[in-house]
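Counting starts at 1 for both ligands and their atoms, following the listed order. In this text the structure is predicted, and so the values were computed from the model without any measurement. Position 1 is the first residue of the sequence, and the numbers go up from there.
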Amino acid sequence: MLRERLRKIRERIKQACERAGRDEQSVTLIAVSKTFPMSSVLEAYQAGIRHFGENRVQELNEKSKSLPGVLNDGDIYWHMIGHAQRNKAKDIASNADMMHSLDSVRLASELNKRASGLREKIPCMIQVNVSGESSKFGLQPQEVDGFLEEIQNFEHIDAIGLMTLAAPAKNPEDIRPQFTLLRALRDELGGKYGSIKNLSMGMSGDFEVAIEEGATHVRVGSLLFGSRH
Ligand SMILES: *Cc1c(COP(=O)(O)O)cnc(C)c1O
């Protein structure tokens, strides 16, 4: 049952926070509902979830029509967590309460343009590739400073933190160095860009380690909704 799975996840979040000496309220649980039907989203909503993540713009559009985010006068938050082409910027500006996968100046520029007239700011996390895998989207750690410099003048983009998708590993401990690296980068850049405060990292298999390393947003899918086919 979803309610029971949610209870267990919240308990594990609480315990990870205790181990790290952190306040439980400093961690936002994002339920990654991608590929799951609206009925699953509603079940999670009824169980108390208010943050949902989608990795495809089309699915975000459809689901946010049924259950609008705060941007569109609803009471939930839709998080766009997947790579997006520039031609999807208008949909993201229209429907995403937060964008986690900002990874190019071109996309930032288009989002900035599309947000104009629709909303004040789009809260954005910058996606960083800390795994060293060439297949992953995201900026290289050493590119992020220059990137932030370049998007400083985009008045509708609010760069609020860093996001990463860790390389899968059998043992979550093996992933810890990637999370440590992202946190160190956040600390370093946070000194120069005051708005860089958040860390979107950790999924079903590694959210506890991510929390111990400072995650403010964990993105949990299969552990909550079941396996995706
Ligand atoms: C699918 C997805 C998740 C959730 O993955 P689970 O292993 O199912 O928890 C988190 N982040 C991103 C970017 C995803 O695409």
Side-chain angles (χ1 to χ4, degrees), residues 2 4-13 16 27-38 40-41 43-44 47 49-64 76-85 88 91-92 95-104 107 122-133 135-139 160-176 178-179 181-183 198-229:
L2 186 139
E4 181 55 17
R5 291 194 294 267
L6 176 60
R7 192 191 62 73
K8 284 187 182 144
I9 293 166
R10 289 215 192 278
E11 180 58 30
R12 287 170 62 182
I13 290 175
V27 178
T28 299
L29 171 63
I30 299 173
V32 177
S33 48
K34 66 184 186 196
T35 76
F36 286 93
M38 209 48 216
S40 301
V41 173
E43 193 187 355
I49 294 274
R50 289 297 178 269
H51 292 264
F52 292 91
E54 289 290 335
N55 71 335
R56 288 177 55 245
V57 172
Q58 183 62 32
E59 217 172 321
L60 175 80
N61 287 347
E62 286 164 12
K63 287 176 176 166
S64 65
I76 66 161
Y77 296 84
W78 284 107
H79 298 260
M80 175 60 192
I81 61 174
H83 177 73
Q85 304 287 339
K88 297 289 194 289
D91 291 327
I92 295 170
N95 295 323
D97 295 279
M98 191 186 288
M99 170 68 175
H100 288 239
S101 39
L102 189 59
D103 59 1
S104 76
L107 179 61
I122 307 179
C124 292
M125 306 266 197
I126 316 307
Q127 186 168 354
V128 186
N129 181 345
V130 291
S131 72
E133 286 181 314
S135 61
K136 286 261 163 63
F137 292 113
L139 302 173
I160 62 163
L162 307 178
M163 176 272 211
T164 201
L165 212 106
K170 279 214 182 73
N171 180 354
E173 277 305 322
D174 297 340
I175 300 176
R176 190 183 293 273
Q178 298 176 41
F179 295 150
L181 199 156
L182 196 71
R183 177 174 66 178
N198 297 280
L199 288 170
S200 171
M201 58 188 196
M203 321 200 298
S204 288
D206 53 25
F207 69 93
E208 288 153 302
V209 174
I211 289 169
E212 287 167 16
E213 295 304 319
T216 59
H217 294 71
V218 292
R219 311 178 307 264
V220 177
S222 46
L223 200 61
L224 182 66
F225 290 110
S227 59
R228 290 180 295 271
H229 300 289

Less than 4.5 Å apart, any side-chain heavy atom of Trp78 and any of Leu60? yes
Is there side-chain contact between Glu43 and Phe225, with heavy atoms separated by less than 4.5 Å? no
Out of curiosity, Phe207 CZ to Leu223 CG, how far, rounded to the nearest 0.5 Å? 6.0 Å
Run through all N or O atoms in ligand 1 and write down each protein N or O closer than 3.5 Å, as a pair with its distance.
from	atom 1	to	atom 2	distance (Å)
ligand 1	8 (O)	Ser222	N	2.8
ligand 1	8 (O)	Ser222	OG	3.0
ligand 1	8 (O)	Arg228	NH1	2.8
ligand 1	8 (O)	Arg228	NH2	3.0
ligand 1	9 (O)	Ser204	N	3.0
ligand 1	9 (O)	Ser204	OG	2.5
ligand 1	9 (O)	Gly221	N	2.8
ligand 1	11 (N)	Arg219	NE	2.8
ligand 1	15 (O)	Lys34	NZ	2.7

Can you check whether Arg56 reaches Thr35 side chain to side chain, under 4.5 Å on heavy atoms? no
Taking side chain to side chain contact (heavy atoms under 4.5 Å, CB included) as the definition, give me every residue that meets it alongside Asp91, ordered by chain and number, with sequence neighbours left out. Val57, Asn61, Lys88
Is any side-chain heavy atom of Val218 closer than 4.5 Å to one of Met203? no
